Each structure stands twice: as C-alpha cells, then as structure tokens.
A.B. asks: 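My questions will all concern the structure given below.
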Amino acid sequence: MRAEPGSEPRYVDERSGATYPIEDPRWCGDDGAPLTVSALPGITREQVDTGARSLWRYRAALPVRIDAPVSLGEGCTPLVEKSWGEDRILFKLEWFSPTGSFKDRGTSVMISLLAQRGVREVIEDSSGNGGASVSAYCAAAGIRARILAPATTSPAKVLQSRAYGAKVQLVPGDRDATAAEALRQSAHTYYASHNWHPFFLQGTKTLAYELWEDLGFTAPDAVVTVAGAGSTVLGCDLGFSELLAAGQIARRPRLLVAQPAHCAPLHAAFRAGTETPVPFDHAPTIAEGTAIREPVRFPEVLRAIRRSDGDMAAIPEDAIAAAVRRLAAMGLYAEPTSATAAAAIEVFRARGAIRPGETTVVLLTGSGLKATPTMTELFAPEADER
C-alpha cells in the first residue's frame, strides 16, 4: 500500500501496509521490513533550481525540507553518446560523482537528513563504494562513521573509506555475512545503510530527474543498469513514477537490468515469474559490487522492473571482462560491476528490449579506479604481446 501523491509524506512498509511518521528516527519497520517514502507528487521543470549545480537542484522533489544539505557537488554527471555495435547509446558516467560512484546521490540526501536530525555516529555495511561514499559525507558532516566490509573487498575501496577518517572493520565471509554483522551492531549505533534507509532511495531517484533534464525534459525509452541490491532500479522507478504523476512524461522508461551470471538471484526469480527467491547457482564474480545473494528489497526490485515492462539478463564473466575492455577502448574506464550493464546491451537488443531509433541510456555506476586489482588482471602487460 502506498499513500496517494499529495498527502503528508510518511514511511511505508509496502509489504504489510504499515506506515510511520517520517519524523521517526527509523530505518526499518517494526517487524524489520524495509521502508520507502509514501508516493510523492513529483515536480515540474519550473521547480528545478537551476542555480544549484548538483542533485540539490531537485530538492523540491524531496519529502522533507533540508535546510543545510551535506553536498560535495554530487549529480550533474556527463551523458556521453557512443556507438555500440549497431546502436547509438547514451552512457551516464556516474563515476564523476565525488567519491567515484553513483552512491553519492543517495548518501548526500541520507546523511543530510541524519545530520539535520542530530545523528553523530553511524555504521554502514558495504562491498566498497557505499562505504567510501558514507565515509566521505560523514566527514563533510562531522559525523563519526564505522564501515563494515567483506575481507575480500578491493583494497582501493577500503583505503578510500579510511582516508576519509572512517573506522573500517573487515568481516570474514561474503557480502551477506557483512550485512548480518551490521544488523547486529545496529542495536547500539545508528544504521546508515544504503540498502535499508529510505532516504538513500530519495537521493538515488535524482538519476531519473537528471536524465529527464539531460534529454530536454523528456524520458528515455530504456535505461540499462546493473543490480546488486537494486538501488538504481528503485531510484529510477521512484523518480520516473513521480514525473509520470506530475504529468511531465507520458510513460516510464523500460528498466533493463543485468546481473552477473555468477550471482543473479533477482534474475532467477524474474525468469521464474515470482517475487520470492528461487534456488540459483553462485560463484565469485569480478563484478564484486553486485555479489549480493539476498537483496533486502527483493520483491520491490522485481515489481519495479515488471511495472516498467522491463527485462533482466544474466551476464557471463567473460562477457563482463570483454565489456570492460571495450569501454576502455572508447575512453570509458568502468569497473567490472558497472560494465556488466554495457555487456547486456547485445542481449537486450537481440530480445527487442533495445530498439532501433529509440533513446537508450546505460548507467555506468563506478570508476575502474575502484577495482585496481581486477583491472590489473584484465589489462596485464602480457596481453600487449598476444
């Protein structure tokens, strides 16, 4: 259940229908379910604050007033047109964000809210980019941060969090083990989770608003992205739904979502036609940022894809590696996680989900500088001699 646009914003548990005051200092429902913000009316082009060169130009679309945003200039990232085989594709270069990934959109809004409400210490769990982002914005806000990350996380990502002054705790096991440890520690420290906190999605939805403005206040026909927890999927769904409600676009873009074949729980359920997890095979993947076997917002991500008449694809490791090299040859240095979206272009074109003459945007969410060990292997010197 979601409130009608225009009503007083509240936190909503879409699974049970429970609602909570938006002033509550909570990040989940009483029963532990994830929350969203009730449906908002969206904004018009006249409400865009063109004097702000950041995502805060869309502040009128947020559910609460933020008096002093914690901003490092996030948003307003390049949209670059390139040829990809037979297609002309628009690549949204989210690695131009302050910490090198799209996570800064959600983090800026989430940390701004927490700072405004007097939170002084937080924990976050992350495979890298989310932790680096939370660390940076906490540093900017004067908030203490402790970042929990899998012990196998790329050293560059761990180093970045430490450089911002955060304490980093490396957790044995996989991404899910790290999330479980963060949930345990949330009993005594505020959990500023990019996967859980509803205001993180409020920041991520600015991707939709920005694409709308980038394209002359129109919507693309399709948006291709990669999903681990699915925050870009949910952010695009929120933003484009609001623009639709405001009468600014005629329809939602199709959300075309890739996962690495080595860890594709959402894809497995999508193909099975369910909203609940189904058995799937998993193995280590070079797309480490998507290696999440139990996404927190599992049914919500699947509903968003289906609501847009979208599709999903599972991408093999060799295709991801090939996409990294192909992007680099075009001047785009994308980490394997985000290159997974580019690797899916041919799959979606073959299925008719990407169509000639339409406007397709591919989100490149993170820089190759974030994955130096993997990039070193992909571009080893001996490759020059082959």
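Basis for what follows: all heavy atoms, side chains included, without hydrogens, waters or symmetry-related copies. All figures in this text were calculated on a predicted structure; none of them were measured in a lab.
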A.B. asks: May I ask you to decide whether R15 forms a salt bridge with D13, counting only side-chain N to carboxylate O separations under 4.0 Å?
C.D. replies: no

A.B. asks: Parallel, tilted or perpendicular: which one describes the rings of Y191 and W196, with boundaries at 30° and 60°?
C.D. replies: tilted

A.B. asks: Does this structure show an ion pair linking R105 with E74, if we count only N-O contacts that are shorter than 4.0 Å?
C.D. replies: no

A.B. asks: Side chains of T225 and T232: is there a donor and an acceptor less than 3.5 Å apart?
C.D. replies: yes

A.B. asks: Quick one: does K92's side chain get under 4.5 Å of E210's, heavy atoms only?
C.D. replies: yes

A.B. asks: Should we say atom CD of E86 is surrounded by more than 12 heavy atoms from elsewhere, each under 6.0 Å from it?
C.D. replies: no

A.B. asks: Indicate yes or no: does E275 engage R297 in a salt bridge with an N to O separation below 4.0 Å.
C.D. replies: no

A.B. asks: Report the residues that fulfil salt bridge (charged side-chain N to carboxylate O under 4.0 Å, His left out) with D125, sequence neighbours left out, ordered by chain and then residue number.
C.D. replies: R175

A.B. asks: Please give me the minimum heavy-atom distance between A341 and L363, naming the atom from each residue.
C.D. replies: CB-O, 3.9 Å

A.B. asks: Please check if any side-chain donor atom of T77 sits under 3.5 Å from a side-chain acceptor atom of E94, or the reverse.
C.D. replies: yes

A.B. asks: Is there a side-chain contact between T152 and E288 (heavy atoms, below 4.5 Å)?
C.D. replies: no

A.B. asks: Taking all non-hydrogen atoms of both residues, which atom of F240 and which atom of A219 are closest, and how far apart?
C.D. replies: CE2-CB, 4.2 Å

A.B. asks: Cluster partners of I286, using ILVMFWY side-chain heavy atoms under 4.5 angstrom, listed by chain and number?
C.D. replies: I315, I320, V347

A.B. asks: For residues 45-55, which residue pairs pass the salt bridge (charged side-chain N to carboxylate O under 4.0 Å, His left out) check, not counting sequence neighbours?
C.D. replies: none

A.B. asks: How long is the span from the CD atom in E23 to the CZ atom in R10, to the nearest 0.5 Å?
C.D. replies: 8.5 Å

A.B. asks: Quick one: does R293's side chain get under 4.5 Å of C263's, heavy atoms only?
C.D. replies: yes

A.B. asks: Testing the basics here: between A268 and F280, what is the closest heavy-atom pair and its distance to 0.1 Å?
C.D. replies: CB-CB, 4.0 Å

A.B. asks: Judged by modelled atom types alone, do R57 and T50 share a side-chain donor-acceptor pair under 3.5 Å?
C.D. replies: no

A.B. asks: Check whether any side-chain heavy atom of L90 sits under 4.5 Å from a side-chain heavy atom of P220, and report yes or no.
C.D. replies: no

A.B. asks: If we only count heavy atoms from C-beta on, is the V257 to D311 side-chain gap below 4.5 Å?
C.D. replies: no

A.B. asks: Is there any salt bridge (charged side-chain N to carboxylate O under 4.0 Å, His left out) pair reaching into residues 216-233, and which pairs are they, with sequence neighbours excluded?
C.D. replies: D221-R251

A.B. asks: Are the side chain of R351 and the backbone of A353 linked by a donor-acceptor contact shorter than 3.5 Å?
C.D. replies: no

A.B. asks: Rounded to the nearest 0.5 Å, how far does CD of Q259 lie from OG1 of T337?
C.D. replies: 11.5 Å

A.B. asks: Backbone N or O of F270 within a donor-acceptor pair of the R306 side chain at under 3.5 Å?
C.D. replies: yes

A.B. asks: For residues 111-124, pull every pair meeting salt bridge (charged side-chain N to carboxylate O under 4.0 Å, His left out), keeping only residues two or more places apart or in separate chains.
C.D. replies: E121-R144, E121-R146

A.B. asks: For W212 and F217, take the angle between the two ring planes, folded into 0 to 90°, and tell me which bin it lands in: parallel under 30, tilted 30 to 60, perpendicular over 60.
C.D. replies: perpendicular

A.B. asks: Could I get the full list of salt bridge (charged side-chain N to carboxylate O under 4.0 Å, His left out) partners for R254, not counting sequence neighbours?
C.D. replies: E358

A.B. asks: With sequence neighbours left out, write down each residue that passes side-chain hydrogen bond (donor to acceptor under 3.5 Å, both in side chains) with D31, or none if nothing qualifies.
C.D. replies: none

A.B. asks: Ignoring hydrogens and angles, tell me if any N or O in the side chain of S186 forms a donor-acceptor pair with the backbone of L183 under 3.5 Å.
C.D. replies: yes

A.B. asks: Any donor-acceptor pair under 3.5 Å linking the side chain of S338 with the backbone of G366?
C.D. replies: yes

A.B. asks: Under 3.5 Å, is there a donor-acceptor pair between the T107 and D104 side chains?
C.D. replies: no

A.B. asks: Output the distance between atom CG (L170) and atom CD (E181), rounded to the nearest 0.5 Å.
C.D. replies: 12.0 Å

A.B. asks: With distance as the sole test, does Q116 use its side chain to make a donor-acceptor pair with the main-chain N or O of R65 at under 3.5 Å?
C.D. replies: yes

A.B. asks: Does either side chain, that of Y58 or that of E213, offer a donor lying less than 3.5 Å from an acceptor on the other one?
C.D. replies: yes

A.B. asks: For atom CG of D281, is the number of surrounding heavy atoms from other residues, nucleotides or ligands below 6.0 Å larger than 12?
C.D. replies: no

A.B. asks: Do S133 side-chain atoms and N129 backbone N/O form a donor-acceptor pair below 3.5 Å?
C.D. replies: no

A.B. asks: Who pairs with S112 by side-chain contact (heavy atoms from CB on, under 4.5 Å), at least two apart in sequence or on another chain?
C.D. replies: W56, I66, P69, V70, S108

A.B. asks: Between T285 and E317, do the side chains contain a donor N or O and an acceptor N or O under 3.5 Å apart?
C.D. replies: yes

A.B. asks: Can you check whether Y11's main-chain N or O pairs, donor with acceptor, with T19's side chain at less than 3.5 Å?
C.D. replies: no

A.B. asks: Taking only residues two or more places apart in sequence, or in another chain, which ones meet V119 in a side-chain contact (heavy atoms from CB on, under 4.5 Å)?
C.D. replies: L114, V122, Y190

A.B. asks: Give me each pair satisfying salt bridge (charged side-chain N to carboxylate O under 4.0 Å, His left out) with a member in residues 189-208, each pair once, sequence neighbours excluded.
C.D. replies: K205-E242

A.B. asks: For L327, which fellow cluster members are found when Ile, Leu, Val, Met, Phe, Trp and Tyr are connected by side-chain heavy-atom distances below 4.5 angstrom, either directly or through intermediates?
C.D. replies: V80, W84, I89, F91, L93, W95, F96, V224, L256, M330, L332, I345, F348, I354, V362, L364

A.B. asks: Has Q160 got a side-chain atom pairing as donor or acceptor with T99's backbone, closer than 3.5 angstrom?
C.D. replies: yes

A.B. asks: Could you state the interatomic distance from CG (D214) to SG (C76), rounded to the nearest 0.5 Å?
C.D. replies: 8.0 Å

A.B. asks: Minimum heavy-atom separation for L266 to G228, with atom names?
C.D. replies: CD1-O, 3.9 Å

A.B. asks: For F200, enumerate each residue passing the ring pair (Phe, Tyr, Trp, His ring centres under 6.0 Å) test, keeping only those at least two apart in sequence or located in another chain.
C.D. replies: H194

A.B. asks: Does Q202 reach the side chain of V37, with side-chain heavy atoms less than 4.5 Å apart?
C.D. replies: yes

A.B. asks: Quick one: does any side-chain atom of S308 pair with a main-chain N or O of L255 as donor and acceptor, under 3.5 Å?
C.D. replies: yes

A.B. asks: Checking salt bridge (Lys or Arg N to Asp or Glu O under 4.0 Å) for the pair D309/R252: CA distance, chi angles, key distance, verdict?
C.D. replies: CA-CA 9 Å; D309 194 28; R252 297 179 182 87; over 6 Å; no

A.B. asks: For S193 and H197, indicate whether the former's side chain and the latter's backbone hold a donor-acceptor pair under 3.5 Å.
C.D. replies: no

